[in-house]
Amino acid sequence: MRTQALWFYAIYSYVLNVHAASWTAEIPQTISALLGSCVVVPCKFNYPDPPKKPPAMTGIWEMTNNQLIYHPDSSKVMEEFRGRANLIGDLTGKNCSLRINHLKKKDNGPFIFRIEIRDFDKYSYTDNMVSIDVQDSPASPRLTVSGEVKAGDAVTASCSVSHSCPTELPHLIWSRSGTTTNQSEELPNGQWRLTSNLTFTATNSDHNQHLTCTAKYQQVTSVQSSKVLNVAYAPVRVEVEPESTVVKEGDAVEVQCSSDSNPPAHGYQWYNITGTLLSEERIYKLHNVSRHTKALYCAAINTEGHKNSTPAKISVEYPPSIGAESGCVAEITGVNCRCLVESRPASRVQWKLADGKTENSSSVHSTDGQDSATVHTLHFHLGLTDVVSCYASNKHGNETRVLETNRGGVLMAIYLSGSAASAFVLILVILLLWKCSRRKKRDDQHVGTQENIAPAKSHSRGKGPVEDPSAPGGDNIYVNSATPYFEEEEEEEDDYENCFKEDIYANM
C-alpha cells in the first residue's frame, strides 16, 4: 500500500513539473489603443527549465506571415515598424512586454512573441497572439459627482479615462476651479486608468451649471463629459415686481414677489415698512392707493431658508395741493411771497398779480428730495399790488390760492412812524420854550430884588461909585449903575437864543 502511494506521488510531481516548465505565455487577445498614441502590450512567458542556465536569450515579435516587427537586429525588422516597436520587458525575468509608438491604423496585428534560447531551444507562442484595436478617437471621460449638493457644502467630483500609453498620460482639465488630485493605475488587458478628483464649495451660482471634464491627449485630440449640477439653496435675489410702479392716486395696483431658489419658494409674505403683515400670497393687490401709501417688501420661503426683498416704494401721482403755510410778508423793502406746492409729477407754478400780470418764481427748492413738495418764492416792490395768486398745475389737475400782501398795514406803519417823529419834534420845541420862559421869569425876579435894595437909579452911563449924601455917617454906598432900556431888550433876546442853543446841545 505504501509503495502505491509513493508511485502516485511521483507521477503527480512529474505532471506538475512538466506543466510548470511548459511553453506558456500571458498576453491579452485584444488591446484598445488610440491612433497616434502608443500602446504597451503586457507579456509574460515561461519555458521548460534547461539543463543549465541559458547563456543568452533573444526575444522577437513577428506577424503571422513571419515578418518581424521587432528584433534586436533592426535590419531584420520591417521598415514601417523600424524604430517604432521596442521590447521593453526583461527577458531574464520572463517579461516580454512590447511598446509600439505613433500607432497607425494598420498596426492592428495580430502579433506573436517568439523566444530563442541559445544552446537550448526556441519557441513561438502562436496560441497567445495579440491584436490591437486602433481607435480614431478616445472614449469620453467617466464623470461622477457626489450625492445631494447644498450651497455651502463641499463637493467632490471624479473624472477618469482609460488609455494604453502610461508614458504619455492624457491631461484632464476641469471647467470649475477647486482643488484637484490625480492618480494613475494599471488595469488588465494592457489598459491604464487616469483619475482626477476635484473638490470645491458649492454656491447657488453653480446650480444648473455644467461641470465639464476635458481629456486632452498628446496628439491634440480631446474629449469631454459634462454633468448639470443640482445645488439646493435658500432664496436669493428676492425682488418686488414691477420694480418701478407709477400709479395715479385712487387707482389699484398689483405687485408680485419673485425670487431665485432651489427648490422653488413655496411661501411668500408681504409687509409694509413698519413690519405689519399684509398678505401671504405671491401677488398682492393694493386698492385705492394714495400719496401716503407706505413702502412694501416681500419675503420668499423654501425648505432651505428665507430672505426679504429691499423695500419698494410705489410712485403715486396726484394733482397739485397748495399748503396752508403759503403766504406773503410785507416789509418796507418789498413783499416776499412763499407758495408751498405738493404734487407728483412736479407742478408748473405761476404768480398772478391783481393787474393781470404773470410772474415766474424767483427761486424753487425741493423739501423732500423727490420734487413732490416744492417751495416757490416771489419778491416784488411794495405798492405794486394788494393781492397775489399762486397757480400750480400738472397733468393731473391744478389749484390756485390767493395770498394777501398786507400792503396797507405796512403803509400805515410808515405813516404812523412819520407822525410820531413830527410829534416828538413839536414836544421838544414846546419844552424848550417853556424852559426858556421859566429862566427869563427867574431873571426878572432877581433884577426886581436888586432894585428894592438900591435907593435910586442913576442915569449916569459911567460905572464909577456914586456918593449918597443922605447916608448915615457919611459912608458911601456903591451900587451898579442902571442899564438903558434898549440894552435890556438886546440882552433878553440873547438870553432866549442862548437858552435854545444850550437845550438843543444838551439834547444832542
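Within the 4.5 Å cutoff, the side chain of Ile31 has no heavy atoms near those of the Asp133 side chain. Using a 4.5 Å heavy-atom cutoff, the side chains of Cys328 and Glu404 are not in contact. The closest side-chain heavy-atom distance from Ser226 to Leu211 is not below 4.5 Å. Between Tyr217 and Val161, some side-chain heavy-atom pair lies under the 4.5 Å cut-off. When side chains are defined from C-beta on, Lys294 does not count as touching Lys313, because their heavy atoms never get closer than 4.5 Å.
Taking CD1 of Ile273 as the reference point, atom CG of Leu296 lies at 8.5 Å (rounded to 0.5 Å). Taken to the nearest 0.5 Å, the CG atom of Leu198 stands 10.0 Å off from the SG atom of Cys159. Between the CG atom of Leu353 and the CD atom of Glu359 there is a distance of 5.5 Å, given to the nearest 0.5 Å.
In this structure, Glu185 pairs ionically with Arg193, as a charged nitrogen and a carboxylate oxygen lie closer than 4.0 Å. A salt bridge links Glu249 to Arg291: one of the charged nitrogens lies within less than 4.0 Å of a carboxylate oxygen.
When all heavy atoms of Cys298 and Glu239 are compared, the closest pair comes out as SG-O, 4.0 Å. In this structure, Ala265 and Asn302 approach most closely via the heavy-atom pair CA-CB, 3.9 Å. Among all heavy-atom pairs drawn from His71 and Val77, the shortest one is N-CG2, 3.4 Å. Closest approach of Thr221 to Pro138, counting heavy atoms only: CG2-CD, 3.5 Å. Residue Asp206 comes nearest to Thr201 through the heavy atom pair OD2-O, 3.9 Å, listed as atom of the first residue, atom of the second, then distance. Counting all heavy atoms, side chain and backbone alike, Ser140 lies closest to Val223 at CA-CG2, 4.2 Å.
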Trace of the disulfide (SG to SG under 2.5 Å) decision for Cys390 with Cys337
CA-CA 9 Å; Cys390 176; Cys337 292; over 6 Å; no
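Counting heavy atoms of neighbouring residues, nucleotides and ligands inside a 6.0 Å radius, atom NE2 of His379 exceeds 12 of them. For NZ of Lys105, the number of neighbouring non-hydrogen atoms (other residues, nucleotides, ligands) closer than 6.0 Å is greater than 12. In this structure, Glu26 places its CD atom where only 12 or fewer heavy-atom neighbours from other residues, nucleotides or ligands lie under 6.0 Å away. Heavy atoms of other residues, nucleotides or ligands lying less than 6.0 angstrom from CZ of Arg348 number 12 at most.
For Tyr271, the ring pair (Phe, Tyr, Trp, His ring centres under 6.0 Å) criterion is met by Tyr297, not counting sequence neighbours. Tyr284 is linked by a ring pair (Phe, Tyr, Trp, His ring centres under 6.0 Å) to Trp270, counting only residues two or more places apart in sequence or in another chain. Shown here are the ring pair (Phe, Tyr, Trp, His ring centres under 6.0 Å) partners of His207, two or more places apart in sequence or in another chain: Tyr233.
Between the side chains of Glu317 and His396, at least one donor N or O sits under 3.5 Å from an acceptor N or O.
A donor-acceptor distance shorter than 3.5 angstrom exists from the side chain of Asn394 to the backbone of Pro345, with no hydrogens or angles considered. Under a 3.5 Å cut-off, the side chain of Arg114 and the backbone N or O of Glu62 do not form any donor-acceptor pair. A side-chain donor-acceptor contact under 3.5 Å links Asp90 to the backbone of Thr92. Judged by distance alone, with hydrogens and angles left aside, the side-chain atoms of His210 form no donor-acceptor pair with the main-chain N or O of Thr212 at under 3.5 Å. For Ser279 (side chain) and Glu281 (main-chain N/O), a donor-acceptor pair under 3.5 Å exists by modelled atom type. One N or O on the side chain of Arg84 and one on the backbone of Asn101 form a donor-acceptor pair closer than 3.5 Å. Side-chain N or O atoms of Ser164 include one that pairs as donor or acceptor with a backbone N or O of Cys38 at under 3.5 Å.
Among Phe81, Tyr125, Phe45, Phe113, the one residue that satisfies the ring pair (Phe, Tyr, Trp, His ring centres under 6.0 Å) test with Trp61 is Phe113.
With Tyr391 as the aromatic partner, Lys352 meets the cation-pi criteria of under 6.0 angstrom to the ring centre and within 45 degrees of the ring axis.
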